[in-house]
Amino acid sequence: MDLLSGQPHWFYKNGAMHAYPALTENLTAEIVIMGGGITGALLAWHLTQAGFPVVVLEKRHIGMGSTSGSTALLQYEIDTMLTDLIGLVGEKNAVRSYLLCIEAIHKAREIVGSLQVKTGFSLMKSVYYASKKDDLPLLEKEYEARRKIGIDVEWWDQATLRSHFPGIRKSGAILSHDAAQVDAYALAHALLQECIQKGARVYDTVEITDIRHDRAGVTLILDNGNIVKTKKLIVAAGYESQKLISHNFVRLHSSYAIVSKPMPERKELWYENALLWESARPYLYLRTTEDHRVLIGGKDEMFQSAVKRDKLLNRKSRELEKNARSMFPDLPFVTDYTWCGTFAETEDGLPFIGGVKEHPNTLFALGFGGNGILFSIIAAGIITDLIAGKKNKDAAIFSFERLGKR
């Protein structure tokens, strides 16, 4: 699948970063991770830290799928609001999902703090504002639900919101104190480089064309004719993983993003450089970068084809720039890079983590939606426990089996 088009900012900012070899021989491995983006890198890091030998196989260059186009807003706020998620999966699982995402933000801080290179990570605040007045009662209810379970939030009325963001003329917002941002492309490379130092093997530009299961493990047939045999396969191939599972469990969307040229240097471009997003669906979202740029994304469409998605890029980019200028008229916003990509969402907004009967000795880490990086951290922890033979109390929340319980 053609996941990405245009000029993803993170690749242009960082370049190729590191070179990885192609796999040119047959191989036997204990654990193979299929996918070398941020999800595969987080899995490799967790498993390597736990002492497991891993092999990572990526069909593109490392990080050049969805990861290079990720806008990497790390928010505990699942695309499905807590109040709605309770109705879909029950209060216990909904609350736990939100709290796990908060834990994942701080786990991300610990991970990047242990690395030897910068990955553009910083803790942030997040502002979730009502797109229209009719959304205000829903947001107030959501605020109360989050506050009730101990999430650190504040309610901003119209006057408070306008005092911090004069250009956002909306009725109210939820301010969250738990959020972060990162350069997902740089982080993926940093994680894999540390894994390699500890014995992991990482190969790119090698595609798995066939997967065969038996009682002893999994056999992978590569596009160059080589064969890889493994006891456990972990699929971290993102939206492309759908083709491996007979049940259709995601909806595909096209999304668009632009990033400005660097702004005049000052400590803050707006109130504490907070992450911004809105209650409308599809929604707009904004963040800043370390080099004083503004990134704005959204304008999603149902995915039909990569060709139709790409044809909309110029128009969507102009619309996003217009939105940014309207919200921040004092900033000299000039678009520098534009890109679009395909992403998936699930019915309840939660990821799928674990195995399916049709693929024995295989585990999936599918962190879909707007906070896929946090879902990937959760998945890495759960899958590491499963491979180690440990019971994980949260695994059932994200299992494929939940599909049959509705």
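Not measured: the values here are computed from a predicted model.
A salt bridge links D210 and R212; the closest N-O separation between the charged side-chain nitrogens and carboxylate oxygens is under 4.0 Å. A salt bridge is defined here as a Lys NZ or Arg NE, NH1 or NH2 lying under 4.0 Å from an Asp or Glu carboxylate O, and E144 with R147 meets this definition. A salt bridge does not link K132 with D134: none of the charged nitrogens is closer than 4.0 Å to a carboxylate oxygen. Ion pairing of K118 with D183 is absent here, as no side-chain N (NZ or NE/NH1/NH2) approaches a carboxylate O to less than 4.0 Å.
Around CD of E110, the count of heavy atoms belonging to other residues, nucleotides or ligands within 6.0 Å exceeds 12. Other residues, nucleotides and ligands contribute at most 12 non-hydrogen atoms within 6.0 Å of the CD atom of E91. For H61, the NE2 atom is loosely surrounded, since the number of other residues' heavy atoms within 6.0 Å does not exceed 12.
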**Request:** Determine, stepwise, if the pair F400 / F364 fulfils ring-ring contact (aromatic ring centres under 6.0 Å, His included).
**Result:** CA-CA 10 Å; F400 288 88; F364 291 82; 5.7 Å; yes

**Message:** Between R251 and E347, does the salt bridge (charged side-chain N to carboxylate O under 4.0 Å, His left out) criterion hold? Intermediate values first, please.
**Reply:** CA-CA 8 Å; R251 298 185 294 267; E347 180 183 344; 6.0 Å; no

**Message:** L115 vs L187, test: side chain to side chain contact (heavy atoms under 4.5 Å, CB included). Steps then yes/no.
**Reply:** CA-CA 9 Å; L115 301 173; L187 178 57; 3.7 Å; yes

**Audit row: Y20, Y203, side chain to side chain contact (heavy atoms under 4.5 Å, CB included) steps and yes/no** = CA-CA 6 Å; Y20 300 85; Y203 303 95; over 6 Å; no

**Request:** Decide ring-ring contact (aromatic ring centres under 6.0 Å, His included) for F343 and H253; before the verdict, give the C-alpha distance in whole Å, the side-chain angles of both, and the deciding distance to 0.1 Å.
**Result:** CA-CA 5 Å; F343 78 97; H253 295 261; 5.3 Å; yes

**Request:** Might you work through the salt bridge (charged side-chain N to carboxylate O under 4.0 Å, His left out) test for R146 and E154, ending with a clear yes or no?
**Result:** CA-CA 10 Å; R146 295 183 189 183; E154 297 176 26; over 6 Å; no

**Asked** Can you list the steps and then say if V218 with K231 is a side chain to side chain contact (heavy atoms under 4.5 Å, CB included)?
**Response** CA-CA 6 Å; V218 183; K231 294 179 182 178; over 6 Å; no

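D336 and S260 share no donor-acceptor pair across their side chains, judged by distance under 3.5 Å alone. In the model, T230 has no side-chain atom that pairs as donor or acceptor with a side-chain atom of E30 under 3.5 Å. Side-chain contact check for T205 and R60: no donor-acceptor pair (N or O, by modelled atom type) lies under 3.5 Å. R315 and Y256 share no side-chain donor-acceptor pair at under 3.5 Å. With no hydrogens or angles considered, no side-chain donor-acceptor pair links D135 and Y129 at under 3.5 Å. Between the side chains of T335 and E321, at least one donor-acceptor pair of N or O atoms lies under 3.5 Å. Judged purely by distance below 3.5 Å, without hydrogens or angles, the side chains of S5 and D310 pair a donor atom with an acceptor atom.
In plain terms, the two heavy atoms of S114 and W45 that are nearest each other are OG-CZ2, 3.8 Å.
When side chains are defined from C-beta on, L320 counts as touching L284, because their heavy atoms get closer than 4.5 Å.
Ring centroids of Y12 and W339 are separated by 6.0 Å or more, keeping the two rings apart.
Ring pair Y337/H9 is tilted by interplanar angle, where 30° to 60° counts as tilted. Taking the six-membered ring for Trp and thresholds of 30 and 60 degrees, H189 and H18 have ring planes inclined between 30 and 60 degrees apart. Between W155 and Y143, the ring-plane angle classifies as tilted under the 30° and 60° cut-offs. In this structure, W156 and Y271 have perpendicular ring planes: the angle between them is above 60°, well past the 30° mark.
Using a distance-only test at 3.5 Å, with no hydrogens or angles considered, no donor-acceptor pair links the side chain of T48 to the main chain of C195.
Listed by chain and number, the residues in a side chain to side chain donor-acceptor pair (under 3.5 Å) with K229 are T219 (sequence neighbours excluded).
Checking each of D152, V153, I151 against H177 for a side-chain contact (heavy atoms from CB on, under 4.5 Å) leaves exactly one that passes, namely D152.
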